[in-house]
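Here's the structure we're looking at; comments come further down.
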Protein chains: 2
Amino acid sequence: MNTKDIPAGQLLFFRKELEPYIVFDEPQWEIFKSHLTYSSFQKKDHFVVQGKVCDAIGFIAKGSIRYYTLKDGTDITGYFSFSGEMVSSYLSFLKREPALNYIQALESTDLILISRTNLQSLLDHPILSCKIERFGRLMAEHYCCCYEERIASFINQTAEERYLKLMETGRDILQRIPQHYIANYLGVTPVSLSRIRKRIFVHSD
Amino acid sequence: MNTKDIPAGQLLFFRKELEPYIVFDEPQWEIFKSHLTYSSFQKKDHFVVQGKVCDAIGFIAKGSIRYYTLKDGTDITGYFSFSGEMVSSYLSFLKREPALNYIQALESTDLILISRTNLQSLLDHPILSCKIERFGRLMAEHYCCCYEERIASFINQTAEERYLKLMETGRDILQRIPQHYIANYLGVTPVSLSRIRKRIFVHSD
DNA sequence: TCAAAACGTTAACAAAAGATAAGGAATAAT
DNA sequence: ATTATTCCTTATCTTTTGTTAACGTTTTGA
């Protein structure tokens, strides 16, 4: 991990992605900006470690991320996040409890970070307080919607349908990561995913 | 559906359940209270209808609720909510889009409601605005945590484990509703749930 | 109250998924 | 460059789940 100044382009990207949720005027943005930090992660570096409290939420300015748990030595991938999305072990961050999962870079990844203490100052800041509350609300609501969709996919769709939907996102990183990551994410074994892929490719050729 | 005054006991219950998220002083509570409405639902009555926009979020003051979708005439249960919890077709409420599911009373159920317009007035109210934003944030964050857990259960647990976990909640209503509701919720067929139950009861006797 | 509909279980068979192991390809490490 | 590791696929066998249908019971509605 390497802490340094935030590249201007990535800051702009962040501001742009925030716009559906919160629009800052210039003075507000200056204050907000001053509460941000920055970290780069090499492939396989960890942003969050299972068992330790997660003290920041991050914005993926570049790269992509995998959430996973270790259970009896078995690595199980629970989620992916990509450039432009937020990343955090939310429960751990909110409740200051040990994180239940690892969060790891799938490739060279840059995060813009808001630490718990900085977030608290923002929430205490007379000018920004309400705006940040709103930001937090909209953010959490956004994730609620995403999660609802994912849960529905487990109930209403087959693993094959979930796989096709994931591939339709067109994230090229998905072509470059181990397939057992994807298998876990879909809720099946790697062997089973291999069979699904065979079915798909035979029928589409 | 039947709109009337909110029973004092249920209002108190609501206020109590909100406390982890938001504490009102008396004047604030009076304002907040004036923005609430109330509806009673008979068993099988619908609070939300698939295809129509959901215009309120509710607090289950009494009873319990089932979320389900109709696909090609097949009824698929996606979620349950119980007394003390919030209920809404969130995505539909937030984005004013047609709801993707029905929300139905499993038994005689009373809801304390905040309509979209009333919520908007609260958000515009000089005294309460920030508090309501905060309330919304904490609420959404709470659901994020619940959803994360549910998603993890699909990845890490078997249907049998999910069934046992659900039963451990000790909600007696679960004994009185059709089991195919529960089967859908767990992501298996009713026949499969029947086999799971047989396995459990044989081994525990 | 009585007929119709909905329910839960079971059986039999088919389809899908898990487990394990083997083999070759790709990747990483020294 | 070469060895070691990881990865993906395939095969085989076992277990689980889905599907359909039957049957008795319970619930519902007229």
Side-chain angles (χ1 to χ4, degrees), chain A residues 42-45 66 68 70-77 80 102 104-108 153-164 166-167 172-205, chain B residues 41-46 66 68 70-77 80 102 104-108 153-164 166-167 172-205:
Chain A
Q42 292 303 305
K43 186 174 174 176
K44 294 196 182 177
D45 281 353
R66 172 174 83 105
Y68 71 97
L70 275 190
K71 254 191 184 171
D72 322 317
T74 325
D75 169 329
I76 298 179
T77 300
F80 299 112
Y102 293 90
Q104 185 190 54
L106 284 170
E107 58 190 326
S108 176
S153 81
F154 277 109
I155 292 178
N156 299 317
Q157 300 187 293
T158 63
E160 180 166 335
E161 288 169 325
R162 289 199 292 280
Y163 177 69
L164 287 170
L166 180 64
M167 288 304 122
D172 64 323
I173 181 72
L174 294 174
Q175 313 290 339
R176 302 190 322 262
I177 59 174
Q179 303 216 353
H180 64 259
Y181 291 178
I182 297 175
N184 293 156
Y185 174 82
L186 298 173
V188 296
T189 60
V191 177
S192 189
L193 176 57
S194 182
R195 289 191 278 233
I196 287 170
R197 283 162 52 83
K198 191 180 181 183
R199 268 204 303 272
I200 292 171
F201 294 140
V202 166
H203 290 139
S204 68
D205 284 352
Chain B
F41 296 82
Q42 292 304 307
K43 185 174 176 178
K44 296 198 181 175
D45 280 353
H46 287 95
R66 172 174 84 105
Y68 71 97
L70 275 189
K71 253 190 184 172
D72 321 318
T74 326
D75 170 328
I76 298 178
T77 300
F80 298 113
Y102 294 88
Q104 184 189 54
L106 283 170
E107 57 190 326
S108 176
S153 80
F154 277 109
I155 291 179
N156 299 318
Q157 300 188 292
T158 64
E160 181 165 335
E161 289 169 325
R162 289 199 292 280
Y163 178 70
L164 288 170
L166 179 65
M167 288 304 121
D172 64 322
I173 181 72
L174 293 173
Q175 313 289 340
R176 302 191 321 264
I177 60 175
Q179 302 216 354
H180 64 261
Y181 292 178
I182 298 176
N184 292 157
Y185 175 82
L186 299 173
V188 296
T189 60
V191 176
S192 190
L193 176 57
S194 183
R195 289 190 279 233
I196 287 170
R197 283 162 51 84
K198 190 180 182 184
R199 267 202 308 269
I200 291 171
F201 294 139
V202 166
H203 290 139
S204 68
D205 283 351

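We use all heavy atoms of the structure for the numbers below, so side chains are in, but hydrogens, waters and symmetry mates are not. Below, chain A is the first sequence line, B the second, and so on; all start at residue 1.
The shortest distance between side-chain heavy atoms of B:Gln175 and B:Met167 falls below 4.5 Å. Side chains of B:Asn184 and B:Tyr68 form no contact here, defined as non-hydrogen atoms less than 4.5 Å apart. The closest side-chain heavy-atom distance from B:Ile200 to B:Arg197 is not below 4.5 Å. When side chains are defined from C-beta on, A:Phe80 counts as touching A:Ile177, because their heavy atoms get closer than 4.5 Å.
In this model, the phosphate group of C:dA17 is approached by a side-chain N or O of A:Arg199 to a distance below 4.0 Å at OP1 or OP2. Distances shorter than 4.0 Å separate none of the side-chain N or O atoms of B:Arg197 from OP1 or OP2 on C:dG8. Between A:Gln179 and D:dT6 there is no side-chain N or O to OP1 or OP2 distance below 4.0 Å. Residue B:Lys43 places at least one side-chain N or O under 4.0 Å from the OP1 or OP2 atom of D:dT28.
When distances run from any side-chain atom of B:Pro178 to the nucleotides C:dG8, D:dT9, D:dT10, the shortest one goes to C:dG8. In this structure, of C:dA12, D:dC8, D:dA11, it is C:dA12 that holds the atom nearest to the side chain of B:Arg195. The side chain of A:Thr189 lies closest to C:dA19, out of C:dA19, C:dG8, D:dC8.
C:dA16 atom P lies 14 Å from atom NZ of A:Lys198, rounded to whole Å. The distance between atom CG of A:Leu193 and atom P of C:dA19, rounded to the nearest whole Å, is 15 Å. Following rounding to the nearest Å, B:Tyr163 (OH) and C:dG8 (C1') show an atom-to-atom distance of 12 Å. The distance between atom CD1 of A:Ile196 and atom C1' of C:dA15, rounded to the nearest whole Å, is 13 Å. The distance between atom CD1 of A:Ile182 and atom P of D:dC7, rounded to the nearest whole Å, is 12 Å. Distance A:Ile200 CD1 to D:dC8 P: 15 Å, rounded to the nearest Å. Per the geometry, CG belonging to A:Leu186 stands 11 Å off P belonging to C:dG18, to the nearest Å. Rounded to a whole Å, the CZ atom of A:Arg176 is 16 Å from the P atom of D:dC7.
With no hydrogens or angles considered, no side-chain donor-acceptor pair links A:Tyr185 and A:Arg162 at under 3.5 Å.
Residue B:Tyr102 is tested with B:Asp75, B:Thr77, B:Leu70 for a side chain to side chain contact (heavy atoms under 4.5 Å, CB included); the sole match is B:Leu70.
Positionally, the nearest nucleotide of DNA chain C for A:Ala159 lies more toward the 5' end than for the other of A:Ala159 and A:Val191. Heavy-atom nearest nucleotides on DNA chain D were determined for B:Lys44 and for B:Ser192, and the one closer to the 5' end corresponds to B:Ser192.
In plain terms, the two heavy atoms of A:Gln104 and A:Lys44 that are nearest each other are NE2-O, 3.3 Å.
Using a 4.0 Å heavy-atom criterion, one finds that A:Ser194 contacts the bases of the nucleic acid, with or without backbone contacts as well.
An angle of 60°, rounded to 10°, separates the two end axes of the helix from C:dT1-D:dA30 to C:dT30-D:dA1, each defined over five pairs.
Side-chain atoms of B:Glu161 come within 3.5 Å of backbone atoms of B:Thr158 as a donor-acceptor pair (strictly under, hydrogens ignored).
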